[in-house]
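Input: a single structure, listed below in structure tokens.
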Amino acid sequence: MDRRNLKVLRARYGLNIGEMAKKIGVSRSTYAEIESGKRGCSQSFLNKLQSAFYIPDAEMWELTKIYEESEE
């Protein structure tokens with residue numbers, strides 16, 4: 001997932017980094033590193049994100065595809 005999408009999603013819900021991390025069940029530092037691009041995100045992270053924000057499968061697939069392409 002493109003880290004810009006994470007920032008947009010977080011802003012859409014009016015959450016700070018700590019609140020976002022808590023909502024999806026990861027540590028604040030892990031979330032901050034993923035959002036800043038210092039760390040890649042795992043499938044587990046993407047699954048938690050999808051569940052927490054009720055992202056439809058088709059949209060999540062597109063977001064994941066974008067993320068994978070940006071990692072190449």
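All residue numbers in this chain count up from 1 along the given sequence. Worth saying up front: this structure is predicted, and the values here are computed from it rather than measured.
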May I have the list of side-chain donor-acceptor pairs in residues 20-34 shorter than 3.5 Å, sequence neighbours left out?
| from | atom 1 | to | atom 2 | distance (Å) |
| --- | --- | --- | --- | --- |
| S27 | OG | S29 | OG | 3.3 |
| S27 | OG | T30 | N | 3.1 |
| S27 | OG | T30 | OG1 | 2.8 |
| T30 | OG1 | R39 | NH1 | 3.3 |
| Y31 | OH | E35 | OE1 | 2.8 |

For N16, enumerate each residue passing the side chain to side chain donor-acceptor pair (under 3.5 Å) test, keeping only those at least two apart in sequence or located in another chain.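 Scan of N16 (side chain to side chain donor-acceptor pair (under 3.5 Å), adjacent residues dropped) gives none.
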How long is the gap from OG on S44 to CG on L49, to the nearest 0.5 Å?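 S44 OG to L49 CG: 11.0 Å, rounded to 0.5 Å.
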Student check: side-chain heavy atoms of L15 and L9 closer than 4.5 Å: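 Of all side-chain heavy-atom pairs linking L9 with L15, none is under 4.5 Å.
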Quick test of your reading: applying salt bridge (charged side-chain N to carboxylate O under 4.0 Å, His left out), list the pairs with at least one residue in residues 43-57, sequence neighbours left out, ordered by first then second residue.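 For residues 43-57: none.
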